There are 2 protein chains.
Amino acid sequence: MTAKRILVVEDEKAIRDMIAFGLRRAGYEVREAQDCREARARIVDTRPDLMLVDWMLPDMSGLELTRSLKRSKETEEIPVILLTARSEEQDKVSGLEGGADDYITKPFSPRELLARIQAVMRRAAPAGAADVLVADGLTLDDSSHRVSAGEREIPLGPTEYRLLHFFMTHPERVFSRGQLLDRVWGGNTYVEERTVDVHIRRLRKALEPFSLERLVQTVRGAGYRFSTRDA
Amino acid sequence: MTAKRILVVEDEKAIRDMIAFGLRRAGYEVREAQDCREARARIVDTRPDLMLVDWMLPDMSGLELTRSLKRSKETEEIPVILLTARSEEQDKVSGLEGGADDYITKPFSPRELLARIQAVMRRAAPAGAADVLVADGLTLDDSSHRVSAGEREIPLGPTEYRLLHFFMTHPERVFSRGQLLDRVWGGNTYVEERTVDVHIRRLRKALEPFSLERLVQTVRGAGYRFSTRDA
DNA sequence: TTCGAATGTGACAGTTGCGTGACGAGTTCA
DNA sequence: TGAACTCGTCACGCAACTGTCACATTCGAA
């Protein structure tokens, strides 16, 4: 897993440096911005995983920035933690109403900051909805992370599991190698397309002992398909 | 087992939010009230399993509220934990005399709060209603805080106990390290995710002499799972 | 049938994830 | 006060997993 990127929007350089220092030590990749205008530029070119935004900024309040981010489809999913100087109750209320995911009052300990960041990021990762998928004799229970044929469990590696999960949630459809890389591996990984073949092979091999390999079908010239109907 | 309901009675919104936030992340259902009047309304319509009551409230002191609750048949069984700003011995004494089940001074850590809540709920559980969890040869008796295999008791540290308890109340499900930190350690703590591994290890080690370590299973790339079915 | 392109398959080396023992700091209890 | 716990972190090592390659096989168009 690559390092998470955090964008720190804070006008006071001293504070910004301190925060950045602490975050880098904790293994995050840090980008900085002095004001809202610069923040917007950074958002576009670094696509941060989380933002720390000071309440008081020279050009526009952090709250307004947050609000406007949450209004845009592009940016609404980026979690925001607001930094405020005083623990004014009113601020907190409007901060959360404005769409911030958490707030923290200065002064704060590095540990507290890290705790909030971790908590917010965890929350941002949504819990899956569909739980038990069934196709022919094959069952995939996502909550227990088990795949089985009847009573017998089928051991799968992480990638094979994700691949099968994707297929079972999108049955009867052909996906090109490129599409599979996007949706199963994740948009910004670069691996050879033929790598997909290998994992298809591994998945089939795991299904073989149960004669279920026919569920994973090759569509020559197009890609692969998961289907209960025979090819 | 459905989620336990906790009613938080605290006038300062900031503190209330923080507490509620932590409790929700730990899996509780949280209701909030700003003062004693509102608290009474919530008690009636939500029947909480436990109450957290601030000492200083605008309309009536938390102590008085507690006293009056303990006088009524309807409400005397609801456990109450008092929150106070200072750790004055005097307060503590009168707090407990007033019928509170426990007492915690601000500031407190999320884990401390969770620990007290669990302890109080355990104590409050009616003696007869054995909340004993069993899985294979393993028994966890929450009322006596004992874990045993057959006749032999298994010694566990506090964290290992909470971990096992959480697992046994959520069997057959995979939890990531992050989720475990949320639900076992408490929502706002920052510790390395690998710390979970170490406690898993300690738990397994304690179960080893009874060949029960297989109940705690690793799901590579996903987290850990408690299951009686073999991996 | 033949040939080139697409796909299947086994092996390999680098990487990652997890298990494990050790250690220092902080707590609790006698 | 000191001994016994407990906790979080670290470093090391192994086993599982990953991506890539080379070679084999299959398919379809001509």
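Here is the naming used below: chain letters follow the sequence lines, and residue numbers restart at 1 for every chain. This is a predicted model, so every value here is computed, not measured. FYI, side chains are in, hydrogens and waters are out, and symmetry mates aren't considered; it's all heavy atoms of this structure.
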**OP:** Give the B/S/- string for nucleotides 22-30 of chain C, one per nucleotide from 5' to 3', where a protein heavy atom under 4.0 Å of the base yields B, of only the sugar-phosphate yields S, and otherwise -.
**Re:** B--------
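With sequence neighbours excluded, the residues that form a ring-ring contact (aromatic ring centres under 6.0 Å, His included) with B/Phe166 are B/His170, B/Phe175. Residues that satisfy the side-chain hydrogen bond (donor to acceptor under 3.5 Å, both in side chains) test with A/Arg42, not counting sequence neighbours, are A/Asp45. Legend: residues meeting ring-ring contact (aromatic ring centres under 6.0 Å, His included) with B/Phe167, ordered by chain and number and at least two apart, are absent. Taking the side chain to side chain contact (heavy atoms under 4.5 Å, CB included) definition, one finds that A/Val174 meets it with A/Val219, A/Ala222, A/Arg225, sequence neighbours left out. With sequence neighbours excluded, the residues satisfying side chain to side chain contact (heavy atoms under 4.5 Å, CB included) with A/Thr139 are A/Val132, A/Val134, A/Ser148. Annotation: side chain to side chain contact (heavy atoms under 4.5 Å, CB included) contacts of B/Arg146 (sequence neighbours excluded): B/Ser144, B/Glu153. Take A/Arg173 and apply the side-chain hydrogen bond (donor to acceptor under 3.5 Å, both in side chains) test, not counting sequence neighbours, and it matches no residue. Shown here are the side-chain hydrogen bond (donor to acceptor under 3.5 Å, both in side chains) partners of B/Glu151, two or more places apart in sequence or in another chain: there are none. Every ring-ring contact (aromatic ring centres under 6.0 Å, His included) that A/His199 has, sequence neighbours left out, goes to A/Trp185.
As a whole-Å value, the separation of B/His199 NE2 from C/dC18 C1' is 16 Å. Separating the CD1 atom of A/Ile200 from the C1' atom of C/dG10 is a distance of 17 Å, rounded to the nearest angstrom. The distance between atom CZ of A/Arg194 and atom C1' of C/dA5, rounded to the nearest whole Å, is 11 Å. Atom CZ in B/Arg220 sits about 16 Å away from atom P in C/dT15, given to the nearest Å. Computed from coordinates, the A/Glu192 CD to C/dG14 P distance equals 18 Å when rounded to whole Å.
The line from CG of B/Leu7 to CD1 of B/Ile78 is 8.5 Å long, rounded to the nearest 0.5 Å.
For DNA chain D, the contact window with chain B, defined by any atom under 4.0 Å from a protein heavy atom, covers D/dT6 to D/dC17 in 5' to 3' order.
Each of A/Arg201 and B/Ala222 was assigned the nucleotide of DNA chain C with the nearest heavy atom; the assignment lying further toward the 5' end belongs to A/Arg201. Between B/Tyr190 and B/Gly157, the residue anchored nearer the 5' end of DNA chain D, judged by the nucleotide with its closest heavy atom, is B/Gly157.
Using a 4.0 Å heavy-atom criterion, one finds that A/Tyr161 contacts no nucleic acid atom at all.
Classification of B/Arg220 and A/Glu160 as a salt-bridged pair fails, no side-chain N sitting under 4.0 Å from a carboxylate O.
DNA chain C lies under 4.0 Å from at least one heavy atom of each of the following residues of residues 204-213 of chain A: A/Arg204, A/Lys205.
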